Amino acid sequence: MPELPEVEVVRRGLDAHVTGKAITAVRVHHPRAVRRHEAGPADLTARLLGMRITGTGRRGKYLWLTLDDGSALVVHLGMSGQMLLGPIPKEDHLRIAALLDDGTALSFVDQRTFGGWLLADMVTVDGTDVPVPVAHVARDPLDPRFDRDAVVKVLRGKHSEIKRQLLDQTVVSGIGNIYADEALWRAKVNGARLAESLTKPKLAEILDHAADVMRDALGQGGTSFDSLYVNVNGESGYFDRSLDAYGREGEPCRRCGAIMRREKFMNRSSFYCPRCQPRPRVRRA
DNA sequence: GGTTTCGCCTGCGGGC
DNA sequence: TGCCCGCAGGCGAAAC
């Protein structure tokens, strides 16, 4: 389940190895992996052929390779996507394979097929160039131009649960279920609290914790909770050993010792400490 | 128009 | 043993 740190690890790996290389062959093994490229698989492969990669970019959980015609190959890893360098893997879930002019292969492997590739033009949004499909995505907390106080202001106006807002990529990007739970645990805030009910300093604290926890995870090569996430060499990160909330149902809170709870939320799970992060009182009609 | 829910996918593990 | 079900969850369309 790649979130910002995992995607950034992949981007860095790609940046070091594919920048300056030309694409000499592309094969789409599963059409679903390019479903968001509206012109279809044949168009994608034809346009990529002979293109040179000029650099890499990322915003939130989206990453892209910039190409020498000014367009971008946009990659979303979804839940289980992997960008692998090296020989083409013998793998049931190989979705796309590309060959580069130095002989290495760039493979997209994706078990659950939520991810994919697409080609798009670049557009300038708020002074930053991003691919068109990424234009609606807010800056992430590790973006040098991330405006924390502006996000706090947006959150103050949201009549919606704070965790829901942390997961909304148009409010702040890069945060998924794992890092949302970690940031809320660090800030001692229950995710069911309404965003508008929290003070500006508390909202700022939550965003700062989100940035910190993602920076920590990045420093450890990312989280690999279910081992589906790997870097470009197929290796997992180590941050899952450092998680304080996610996946710790029934275990003692590392801060106060109370037994951690798990609750259903948005068709997934939320992990929290019932003592440090008390649930808000039930609203009555 | 803001907010919430649902469907898309596959593999795994638990229960029967 | 084998089947069914629930779960994992990012994203965008659809519903509310």
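Quick caveat, the model's predicted, so the values are computed rather than measured.
No engagement by A:R35 is indicated, since no non-hydrogen atom pair under 4.0 Å with the nucleic acid exists. Counting any heavy atom pair closer than 4.0 Å across all strands shown, A:Y62 reaches sugar-phosphate atoms only and no base atom. Within 4.0 Å of A:H136, counting heavy atoms only, lie sugar-phosphate atoms of the nucleic acid but no base atom.
Counting only heavy atoms from C-beta on, A:N177 has its side chain closest to C:dG10 among B:dC9, C:dG10, B:dT10. Taking only side-chain atoms of A:R164, from C-beta outward, the nucleotide of B:dT4, B:dT3, B:dC9 with the closest atom is B:dT4. Residue A:K264 has its side chain nearest to C:dC7 when only C:dC7, B:dG11, C:dG10 are considered. Closest to the A:S160 side chain, of the nucleotides B:dT4, B:dG11, C:dC11, is B:dT4. Checking B:dT10, B:dC9, C:dC7 against every side-chain atom of A:R262, the shortest atom distance belongs to C:dC7.
Looking at A:D121 and A:S71, their side chains never bring a donor and an acceptor atom within 3.5 Å of each other.
Salt bridge annotation for A:R186-A:D216: present, with a cationic side-chain nitrogen under 4.0 angstrom from a carboxylate oxygen.
Under the 30°/60° scheme for interplanar angles, the aromatic rings of A:F108 and A:W117 are found to be tilted.
Regarding contacts with the backbone of B:dG11, every side-chain N or O of A:R112 stays at 4.0 angstrom or more from both OP1 and OP2.
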